[in-house]
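Read through the structure below, which is laid out as structure tokens, and then see the notes.
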There are 2 protein chains.
Amino acid sequence: MATHAHHHHEHHGHDLADAAQKALTAAGEQWTDMRADIFSVLATFDKPASAYDIADLVSQKRGKRVAPNSVYRILDLFVANNLASRVESANAYLANAHPGCLHDCIFLICDSCGSATHIDDDSLTRNVRKAAEAAGFNAVRPVVEVRGTCADCD
Amino acid sequence: MATHAHHHHEHHGHDLADAAQKALTAAGEQWTDMRADIFSVLATFDKPASAYDIADLVSQKRGKRVAPNSVYRILDLFVANNLASRVESANAYLANAHPGCLHDCIFLICDSCGSATHIDDDSLTRNVRKAAEAAGFNAVRPVVEVRGTCADCD
DNA sequence: AAATGAAATGATATGTTGTAACGTGGTACC
DNA sequence: GGTACCACGTTACAACATATCATTTCATTT
Ligand SMILES: [Zn+2]
Ligand SMILES: [Zn+2]
Ligand SMILES: [Zn+2]
Ligand SMILES: [Zn+2]
């Protein structure tokens with residue numbers, strides 16, 4: 001078998017929110033209305049969403065201002081529990097299409113349209129970790145992102 | 001031979017500034033006093049330096065305020081000409097120890113002390129590019145950074 | 001030397017991203 | 001009722017980045 005040694009389907013829409021809820025509650029955290037709203041907004045994006053983008057949309061949705069601060073708190077929680085990823089080179093966040101399944105994700109970010117796609121290549125990221133460890137470094141979180149242009153924009 | 005198929009020594013101090021100057025002028029750009037000052041300040045850091053850090057130090061050095069935007073301009077020029085790298089996960093910059101030698105660099109950033117080390121593994125980064133291309137993506141700039149703790153901090 | 005034009009830098013303002021500190025409201029437990 | 005805890009609100013601020021236009025510098029031409 002190739003680099004991806006397990007099976008899982010990517011969730012979408014309500015299915016995804018449902019999986020996210022399950023993952024978060026399984027981790028002993030609460031699934032509040034605020035968290036549900038933030039996750040659902042985040043999940044509508046096909047490109048990395050900034051905390052401020054999310055704050056704006058959630059504010060609209062609720063008819064009441066939600067401060068970026070609150071969004072950051074919840075995004076941090078999501079990232080810690082693998083419901084979302086932070087895209088470092090974009091200062092923004094993406095919903096994780098398979099919460100409950102742990103990966104060092106690789107993101108491909110289009111410099112033209114801003115869209116981001118997510119690929120998994122566990123052997124590749126394992127090698128990144130190995131290279132770091134070989135240099136005497138204790139690898140905790142590999143950041144592997146590729147900037148370029150997507151197929152649509154070429 | 002291993003992953004690094006060519007030889008080069010890493011430059012330091014005046015030697016490095018000299019190499020940087022050579023590389024920049026070879027690219028048809030000017031090596032001005034401002035650029036020399038910014039590079040020399042940047043090169044003193046062993047951890048990624050923010051544009052504001054650099055602006056402060058260069059301001060001191062010159063006895064006259066240098067605005068961040070001037071620093072950003074020159075950092076962009078340095079990055080474009082391979083005299084420096086931007087560390088995306090730190091919103092900061094590092095002098096390139098071997099200007100004139102092109103790599104997709106890998107950075108190891110310690111979450112404890114903030115220090116960053118730079119490793120080259122061309123086969124690894126080549127595989128990152130390959131994985132992206134395999135997904136129909138036109139890879140321009142791989143970002144490979146590893147967050148964790150350095151040997152000193154363990 | 002004076003005029004010209006291009007490149008580099010200065011100055012100012014503003015936009016974007018991220019955190020710190022502290023207050024409020026709900027809920028579980030005693 | 002008291003109290004401990006957690007989520008969220010509110011405000012303020014810090015840090016990072018860019019836009020715009022003015023000024024300086026320097027080489028080229030006359
Ligand atoms: Zn998977
Ligand atoms: Zn695109
Ligand atoms: Zn090299
Ligand atoms: Zn360290």
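Every chain is numbered from 1 and lettered A, B, ... according to where its sequence line falls, protein lines coming before strand lines.
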* Asked: Within the structure, does a side-chain N or O atom of R86(B) lie under 4.0 Å from either OP1 or OP2 of dA17(D)?
  -> yes
* Asked: In terms of hydrophobic clusters joined by side-chain contacts under 4.5 Å, are I38(A) and V87(A) together?
  -> no
* Asked: For Y52(A) and dT17(C), is the gap between ring centres under 5.5 Å while the planes differ by less than 30°?
  -> yes
* To do: Specify the residue among Q30(B) and D53(B) whose closest nucleotide of DNA chain D lies further upstream toward the 5′ end.
  => D53(B)
* To do: Report yes or no: do T125(B) and N127(B) form a side-chain donor-acceptor pair below 3.5 Å?
  => no
* Asked: For the pair made of CG in D33(A) and P in dG9(D), what is the distance, rounded to whole Å?
  -> 11 Å
* Does OP1 or OP2 of dA7(D) have a side-chain N or O of T32(A) closer than 4.0 Å? -> no
* Salt bridge or not for E88(A) and R86(A), using N-O below 4.0 Å? -> yes
* May I ask you to evaluate whether K64(B) reaches the phosphate of dA11(C), defined as a side-chain N or O under 4.0 Å from OP1 or OP2? => yes
* Using the C1' atoms of the five pairs at each end, what is the angle between the end axes of the helix from dA1(C)-dT30(D) to dC30(C)-dG1(D), to 10°? -> 10°
* Side-chain N,O (N91(B)) to OP1/OP2 (dA17(D)) below 4.0 Å -> yes
* Could you tell me the separation between the CD1 atom of I54(B) and the P atom of dT9(C), rounded to a whole number of Å? => 14 Å
* **Exercise: do N96(A) and S85(A) side chains pair donor with acceptor under 3.5 Å** => no
* Could you state the CG-C1' distance from L77(A) to dA7(D), rounded to the nearest angstrom? -> 11 Å
* Please state how far atom CD1 in I74(B) lies from atom P in dA17(D), giving the value in whole angstrom units. => 16 Å
* Kindly say if S70(B) contacts the phosphate of dG10(C), meaning a side-chain N or O under 4.0 Å from OP1 or OP2. => yes
* Taking N and O atoms by type only, does the side chain of Y72(B) place a donor or acceptor under 3.5 Å from a partner on the base of dA19(D)? -> no
* Asked: Using a cut-off of less than 4.0 Å, is there contact between a side-chain N or O of R35(A) and OP1 or OP2 of dC8(D)?
  -> yes
* To do: Consider only side-chain heavy atoms of I, L, V, M, F, W and Y, link residues closer than 4.5 Å, and tell whether V143(A) and I119(B) are in one cluster.
  => no
* Whether F78(B) and F39(B) hold their rings parallel, tilted or perpendicular, with breakpoints at 30° and 60° -> perpendicular
* Structure fact -> Between CG of L75(A) and P of dA7(D) the distance, given in whole Å, is 15 Å
* Choose from dG9(D), dT11(D), dC6(D) the nucleotide whose nearest atom is closest to any side-chain atom of N69(A). => dT11(D)
* To do: Rounded off to whole Å, could you give me the CE-to-P distance for the M34(A) and dG25(C) pair?
  => 18 Å
* Rounded to whole angstroms, how far apart are CZ on R73(B) and P on dA19(D)? -> 12 Å
* Asked: Mind checking whether H98(A) and H118(A) have parallel, tilted or perpendicular rings, split at 30° and 60°?
  -> tilted
* Between the side chains of S40(A) and D37(A), is a donor N or O closer than 3.5 angstrom to an acceptor N or O? -> no
* To do: Report the nucleotide, chosen from dA8(C), dT20(D), dT10(D), that has the shortest atom-to-atom distance to any side-chain atom of E29(B).
  => dA8(C)
* Can you tell me how far C1' of dT17(C) sits from OH of Y93(A), to the nearest Å? -> 9 Å
